[in-house]
Structure formats: C-alpha cells, structure tokens
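Down below is the structure, laid out as structure tokens.
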Amino acid sequence: MVISGEYFGWNYGLGVAGTVGFIVATLLVSVFYVAFIFSYTELTASMPDAGGPFTYASRAFGPTVGFLAGFASIIGILMAPPAIAAALGAYAHFLHPDIPALWVSIGAYFVFVAINILGIKESANLSVVITMLSVVELVVFMGLVSPAYETQNLLAHNSGISATALFAAIPFAVWFYIGIEGVAMVAEEVRDPIRTIPRGYLLSIGTLVVLALGTMILSAGAGDWRKITNSDYPLPATLAMVLGQNNAWAKLFAGLGLFGLIASFHGTTIGYSRQIYAMARDGYLPRLLGIVNSRFRTPHWSLIVGGVIGLLALFSGTTDKIITLSALATVVMYLISLVCLFALRRREPAMERPFRVPFYPFLPVLALVLGSVCLLAMVYFNLILSLIFTGLMAGAYGVFAWVKR
C-alpha cells in the first residue's frame, strides 16, 4: 500500500523546501509515524475490523465521530490511487514516449479493480510478490546511485532552512508513509490478526523509514537535484542524470519501477474498497456499497464506485494537489484515532489489548502533537484544498445526519 511513496511524489518536497529543509521535514514526519504506528497498532489488534478508524471512533465517541473518521479515511485512501495511476502513466511514457500516459493510467484502474473483484487471496498473493520485487529494486537503485553521491550536491542550491518552506513540504514527506494504516482495513481477512497485525505494522514502519531516507538522500546527492523536483518518475530521472539518458539501467529501472507503483495501486484499491464496504455494511453509506459478490466474496460495488471517483480525480491532472489532499485527509483520520486511543483507555480499561503501546501516554502524546503540527501546516499552506475537504465532509455529514434521522 505504501511502497509507491518511495518511487514518486516525495520529490515535490525538494522543490518546496530544498534538500536540507525537506530532510528536516521528513525526519519530523518519520518520528510522527513511528509514534503513531505504535499507538495505532493497539487499536487495530484490539478491534480487528475492516472499518479501521471508523470502527475505533464509533466505539469511542459514537456514530457522528465514527462517520467523520471514516469519511476522512475514505478521502485519504481514495486519493492515493489516482496519484499512483498518474505516476504509472509517466513511468510508461518515460520508457516509450509514444505511449500516452493518461491511457496507461486509465487502463490501470480497469485492470486492478477487476483483479480485486476476483478475490482477496489472489489479490494478496500478487501484492506480496510485487512488493518484494519493489523493495529489492529500491535497494538496487541505492546501490547504483551511491557511487555518485556527494554531500556538496546534497547541500547545493539551498538558501537555508525556513519554517515556511519546511512546513509547506510536510505533505510530500507524509507521502513516504501514507497508506500504512490501510493494514487495519483488511484485518478481517488475515489469519490470526491479533498476532500478525502488530508484527506487520512494526516491520513495515521500520522498512519504510530506511527506504524513505535512503532513497531521498541518495537521489538528492547524486547530482543536480533540481532536475527531479517536478517529475512523476524521479528515480529513473536520477539514474539518467547519473548514468546518461540512454543508459540501459535507467530504462530497465523505469520498467521495473512499475512494480512499486503497481504494488501500492493494488494495495490501496483493496484498502479503499474495504473502508467503503465496512461503512456501508453498518449503515453509514448506501447499502449497495456493502454488498459482497456472491461468487467471489468481494465488495464489488465498493471497488467500482471508488474506481469511478478515482478516475475523476485523475482527470484533474494535478498530481501534487491530489497528494496533498490525500495527506490532509489522512492526518485528520490519524488525529481522531489517537484521541480514540486515550478515550478507550479511560472508558474501557478492561478491554482486551493484545498489543499495548509502549511508554504510554508519552508516545501517543508525541504522535498527537506532531500530527497536529503537520495538520496545521498543511491547512495553512493549502487553504483552498482544506476548504474543499471541509466542504465535502460537511456535505457528506449533512446527508448522513438527514438519512440517520
């Protein structure tokens, strides 16, 4: 669900804050995610439900907060696939300039929605293979560019660190990790979730921190980092800069780089469909979206409707804005989930908690503070997108409240 964040999107942060500012922003966000995942894992292991944050908020505060958490989660994970699809098209276009990027992006939606309808077991097995290839490829990439790394390249063309630029870059640092919370949404479809989900979360965040920092620092120090700030295929562009535009490694990497994008596109498709399905099953969205296919046992209407919404976002052609909207909505959901952790600890002390966040309450408080800083920064620098998100949430809640009544 997350691995594509290392393949594209983060590089917009270099253009906003420079390398030094973006490294600081990434370190800040990395600390937040580590603290958050330890906290979130307690909720997921205690309540392994496909609703994820919607389920936690409903139990802690009732249907209204549950709806708001679920809506924020849906927007966050629905906006990830169109951004990834745009990068898929860009990578394919880099390989073969005659291939229209938009048609590749549209085709990806049809193919992977269809694959997910056919069954979760087949989908999960495909995801595991593709993700392993994606991680290996990132390691190979770091090995190829590391000989060209020079600290003076990393520090060049920086005008110092400013709080304004650092905070403006936060959405692109969040993109490194966004989607990791989606593990909670398949909690009903894994074996022994009480044991496997905590292990999966902690191994995931450890892997991602290493890959995110390694990919970003080596890419920025391998040459003139300004050449990759507005690219939807920064890793092949870095290799082309280091090894030459027509180098076979750059072309090969662009081809293999599709694995990382496909893995996340596939994983986030699973995630958004389960979140929509869980909310519809419990009456928070139209009942049609909670229907499971009688043959394949997958929520086909949730997959299809979410795919249509993603295609509409794709046609906007603004990858950086889609990433920012996804990050904004996701951080809202994170903060609601953290507040739920405190509320449930107080109200239900006897709840079975197979995993307990270490250093409670320090670690959840740290996550709450850093998450609030991230949210305020994103709202301040993206006021129009924030108003759009707030308007969507208010409108959706108005419909929900009317139907509920």
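We number each residue from 1, following the sequence as shown. Note that this is a predicted model, so its numbers are computed, not measured. Any value given below was found using the heavy atoms of this structure, including those in side chains, with hydrogens, waters and symmetry copies removed.
- A side-chain donor from one of Tyr33 and Tyr334 sits under 3.5 Å from a side-chain acceptor of the other.
- Residues satisfying the side-chain contact (heavy atoms from CB on, under 4.5 Å) criterion with Ala169, sequence neighbours excluded, are Val16, Ala17, Phe22, Ala25.
- Here Val31 pairs with Leu366, Leu370 under the side-chain contact (heavy atoms from CB on, under 4.5 Å) rule; sequence neighbours left out.
- Residue pairs meeting the salt bridge (Lys or Arg N to Asp or Glu O under 4.0 Å) criterion with at least one member in residues 54-71, sequence neighbours excluded: Arg59-Glu348.
- Around CD1 of Ile384, the count of heavy atoms belonging to other residues, nucleotides or ligands within 6.0 Å does not exceed 12.
- By the ring-ring contact (aromatic ring centres under 6.0 Å, His included) test, Phe94 pairs with Tyr233, sequence neighbours left out.
- Note on residues 84-110: no pairs pass side chain to side chain donor-acceptor pair (under 3.5 Å), not counting sequence neighbours.
- Screening residues 6-18 for side chain to side chain donor-acceptor pair (under 3.5 Å) gives Tyr7-Glu137, Tyr12-Asp232 as the qualifying pairs, with residues at least two apart or on separate chains.
- Within the model, atoms CE of Met1 and CD1 of Ile84 stand 10.5 Å from one another, a figure rounded to the nearest 0.5 Å.
- The nearest pair of heavy atoms linking Gly9 to Ile323 is CA-CD1, 3.7 Å.
- In this structure, CD1 on Ile23 lies 4.5 Å from CG on Leu154, to the nearest 0.5 angstrom.
- Interatomic distance, Trp301 CH2 to Leu288 CG, rounded to the nearest 0.5 Å: 6.0 Å.
- Looking only at atom types and distance, the side chain of Ser39 has no donor-acceptor partner in the side chain of Tyr360 under 3.5 Å away.
- Applying the salt bridge (Lys or Arg N to Asp or Glu O under 4.0 Å) test to residues at least two apart or on different chains, none of the pairs has a partner in residues 369-395.
- Aromatic pair Tyr40/Tyr56: centroids less than 6.0 angstrom apart.
- Pairs engaging residues 214-227 under the side chain to side chain donor-acceptor pair (under 3.5 Å) rule: His157-Arg226, Asp224-Arg226 [sequence neighbours left out].
- Taking all atoms of both residues into account, the shortest heavy-atom contact from Ala69 to Met333 is O-CG, 3.9 Å.
- Across all non-hydrogen atoms, the minimal contact from Gly5 to Phe176 is O-CD2, 3.6 Å.
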Next item on the list: Report the C-alpha separation of Met216 and Thr19 in whole Å, then their side-chain angles, then the decisive distance to 0.1 Å, and conclude whether the side chain to side chain contact (heavy atoms under 4.5 Å, CB included) test is met.
Entry: CA-CA 9 Å; Met216 183 261 290; Thr19 55; over 6 Å; no

Next item on the list: Begin from the C-alpha positions of Leu27 and Leu213 and carry the test side chain to side chain contact (heavy atoms under 4.5 Å, CB included) through to its verdict.
Entry: CA-CA 8 Å; Leu27 289 172; Leu213 293 174; 4.1 Å; yes

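- Environment of CE in Met132: sparse, with no more than 12 heavy atoms of neighbouring residues, nucleotides or ligands closer than 6.0 Å.
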Checklist line | Pair Ser386-Tyr380, side chain to side chain donor-acceptor pair (under 3.5 Å): steps then yes or no | finding: CA-CA 9 Å; Ser386 301; Tyr380 181 80; over 6 Å; no

Next item on the list: Evaluate the criterion side chain to side chain contact (heavy atoms under 4.5 Å, CB included) for residue pair Thr298 and Arg274; output intermediate values, then yes/no.
Entry: CA-CA 9 Å; Thr298 52; Arg274 270 48 178 186; 4.1 Å; yes

Check: Do Phe389 and Val332 pass the side chain to side chain contact (heavy atoms under 4.5 Å, CB included) test, and can you show the C-alpha distance, the side-chain angles, and the key distance before you say yes or no?
Finding: CA-CA 11 Å; Phe389 170 70; Val332 169; 4.0 Å; yes

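- In this structure, Val20 and Ile161 approach most closely via the heavy-atom pair CG1-CD1, 3.2 Å.
- Every side-chain contact (heavy atoms from CB on, under 4.5 Å) that Pro358 has, sequence neighbours left out, goes to Phe38, Phe355, Leu363.
- Taking each heavy atom of Ala329 and Ile75 in turn, the nearest pair found is CB-CG2, 3.7 Å.
- Residue pairs meeting the side chain to side chain donor-acceptor pair (under 3.5 Å) criterion with at least one partner in residues 161-179, sequence neighbours excluded, are Ser30-Tyr177.
- Met79 and Ser326 make their closest contact through CB-CB, 3.6 Å (heavy atoms, listed as atom of the first residue, atom of the second, distance).
- With sequence neighbours excluded, the residues satisfying side-chain contact (heavy atoms from CB on, under 4.5 Å) with Leu218 are Met142, Val145, Ser146, Tyr149.
- Remark: aromatic rings of Phe36 and Tyr201 are distant, center separation not under 6.0 Å.
- Legend: salt bridge (Lys or Arg N to Asp or Glu O under 4.0 Å) pairs involving residues 12-30, not counting sequence neighbours: none detected.
- Taking the six-membered ring for Trp and the full ring otherwise, Tyr284 and Phe54 have centroids separated by under 6.0 Å.
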